[in-house]
Peer 1: 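If you scroll down you'll find the structure; I have some questions about it.
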There are 2 protein chains.
Amino acid sequence: MAYRRTAAVQERLDATRIRIVSAAHDLVAEHGYAGCSIALVAGAAEVATGSVYRHFPDKGALFAEVFRTSTQREVDAVAAASALPGTVAQRLSRAVETFAHRALASPRLAYALIAEPVDPRVEAERLAYRAAWTDLFAGLVDDGLASGELPGQDPRVSAAAAVGAMAQALVVPLHHGSAEPHVVPELTAFITRSLGASS
Amino acid sequence: MAYRRTAAVQERLDATRIRIVSAAHDLVAEHGYAGCSIALVAGAAEVATGSVYRHFPDKGALFAEVFRTSTQREVDAVAAASALPGTVAQRLSRAVETFAHRALASPRLAYALIAEPVDPRVEAERLAYRAAWTDLFAGLVDDGLASGELPGQDPRVSAAAAVGAMAQALVVPLHHGSAEPHVVPELTAFITRSLGASS
DNA sequence: TCAAAGAATGAATCGGTGTTCACTACTTGC
DNA sequence: GCAAGTAGTGAACACCGATTCATTCTTTGA
């Protein structure tokens, strides 16, 4: 034997992998998924196109990871905001506001993560996270039902509808045109009413 | 001169054009936009691939027309249902129910028209119809504000959110999985509450 | 220093579709 | 029937980006 992958090499490999994912993330956030060719990602990460394939089996796998990590960050942020103590109505408002403000801060990324056309393999990842979003809001509805703060309803349907309302009201319009922050309180009120939370 | 397009020829041309659009519509309704190649459409319409280009300048133009006609039919149906006399709450319920039942009847088509990834040129058409949907619901909200049946709100934001809620709650889930008709009354209640319509 | 093995490269390949166009078939008016 | 002009055809082309792989560059342990 004459070669063995040392810790130093492994570190460099890891760093390169992270640089590739990071570059892909940045490109998506700036230009969207469309127009994110492997060559472009490789260039941004300062590696050769072929090198990308030493870390990911194909394009779908790379962008699935990008979507996974990016969306998880959003879900975590909203979950944290909604987990703080308070009435269900208050927690709901905080969740919507957190989602909205973050989307307004990175509109292109938000559009890419939620609505932009993507490859089937990436779409599968998105589907999984749609479920995560729905679960998050369904949990809030469950809490409201248990405490009697919310009127009878199917938490899954209500949660899916609420997620759709947020996406359409915020993300899709942002795609074409500029941010309109006044939408946030309107949307919060809409969601709060929709689930039957008094205030 | 030795050739002039007679009425008979024009009729045949028109018929062929309609056959192409109709074939494209059927293919979208069955398999979605993805996998609707020009060759497939031509085959279904029983013309050569090149013949499609005697009626449409490119693929985008063909499918833009498919989307336009299909969506207009849906908008018209919902508009008619919501135009019947009654309280705003009643008209709203009828609108949601009409939308929902039609979507459940043709889930693949509904998904294609509302959520499926499409070409930019077709996306532009969709964007225009998103506005049509929003206008329709915004009009209902306007009526409710005027009559005092609905509480103060931005009709545009509420309408966009309501449209998003319908799309997400119905169309997107339908894409993967089977129809669940019990969703309709849940969704109706959700929308009614969200706009602040008492019942 | 050297051989062995892995890592990195990027030009070439490949596959899939939209589009074209040289050609055939048909229609028309004389 | 015939010439002029149009409609219809479908194989060939063009394009584009993902993927491959023969080659070069690095690292390793002796």
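Protein chains get the first letters and strands the later ones, always in sequence-line order, with residue 1 at the start of each.
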Peer 1: Give a yes/no answer on whether the side chain of A/Thr49 brings an N or O atom under 4.0 Å of OP1 or OP2 in C/dG10.
Peer 2: no
Peer 1: Do the side chains of B/Arg102 and B/Glu74 get close enough for a salt bridge, i.e. N-O under 4.0 angstrom?
Peer 2: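 B/Glu74 and B/Arg102: salt-bridged.
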Peer 1: Please report, rounded to the nearest Å, how far the C1' atom of C/dC26 is from the CD atom of B/Gln10.
Peer 2: 16 Å
Peer 1: Does A/Tyr53 have a side-chain nitrogen or oxygen under 4.0 Å from the phosphate oxygens OP1 or OP2 of D/dT19?
Peer 2: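 Yes, such a contact exists.
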Peer 1: Could you tell me how far apart A/Phe63 (CZ) and D/dG17 (C1') are, to the nearest whole angstrom?
Peer 2: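 It works out to 12 Å between those atoms.
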Peer 1: Specify the separation, in whole Å, of atom NE2 of B/His55 and atom C1' of C/dT20.
Peer 2: 16 Å
Peer 1: When you compare the side chains of B/His55 and B/Thr16, does any donor N or O come within less than 3.5 Å of an acceptor on the partner?
Peer 2: no
Peer 1: Around atom CD of A/Glu46, are there more than 12 heavy atoms from other residues, nucleotides or ligands closer than 6.0 Å?
Peer 2: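 Incorrect, the count does not exceed 12.
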Peer 1: OP1, OP2 of C/dT17 versus side-chain N and O of B/Ser37: anything below 4.0 Å?
Peer 2: no
Peer 1: Mapping B/Arg12 and B/Asp58 onto DNA chain C by nearest heavy atom, which one lands closer to the 5' end?
Peer 2: B/Asp58
Peer 1: Going by the rule salt bridge (Lys or Arg N to Asp or Glu O under 4.0 Å), which residues pair with B/Arg193 if we only count those two or more places apart in sequence or in a different chain?
Peer 2: none
Peer 1: Rounding to an integer number of Å, can you tell me how far A/Ile38 CD1 sits from C/dT13 C1'?
Peer 2: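 From A/Ile38 CD1 to C/dT13 C1': 16 Å.
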Peer 1: Rounded to the nearest Å, what distance is computed from the OH atom of residue B/Tyr3 to the P atom of nucleotide D/dG5?
Peer 2: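 In whole Å, D/dG5 P lies 13 Å from B/Tyr3 OH.
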Peer 1: Check the phosphate of D/dG5 against B/Arg5, side-chain N and O only, distance under 4.0 Å to OP1 or OP2. Yes or no?
Peer 2: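 False: B/Arg5 side-chain N/O out of range (4.0 Å or more) of D/dG5 OP1/OP2.
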Peer 1: Quick check: on DNA chain C, is the nucleotide nearest B/Ala7 upstream (toward 5') of the one nearest B/Ala39, or the reverse? Name the residue that is more 5'.
Peer 2: B/Ala39
Peer 1: Compute the centroid of each ring, for A/Phe63 and then for A/Tyr33, and state whether the two points are separated by less than 6.0 Å.
Peer 2: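 Under 6.0 Å, so yes.
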Peer 1: Using a cut-off of strictly less than 4.0 Å, decide whether A/Arg54 has a side-chain nitrogen or oxygen near OP1 or OP2 of C/dG6.
Peer 2: no
Peer 1: Expressed as a whole number of angstroms, how long is the span from A/Leu62:CG to D/dT19:P?
Peer 2: 10 Å
Peer 1: Does D/dT28 have OP1 or OP2 sitting under 4.0 Å from an N or O in the side chain of A/Thr6?
Peer 2: yes
Peer 1: Rounding to an integer number of Å, can you tell me how far B/Lys59 NZ sits from C/dG16 P?
Peer 2: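 These atoms are roughly 15 Å apart.
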Peer 1: Report the distance from atom CD1 of A/Ile20 to atom P of C/dA7, rounded to the nearest whole Å.
Peer 2: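 Whole-Å distance recorded here is 13 Å.
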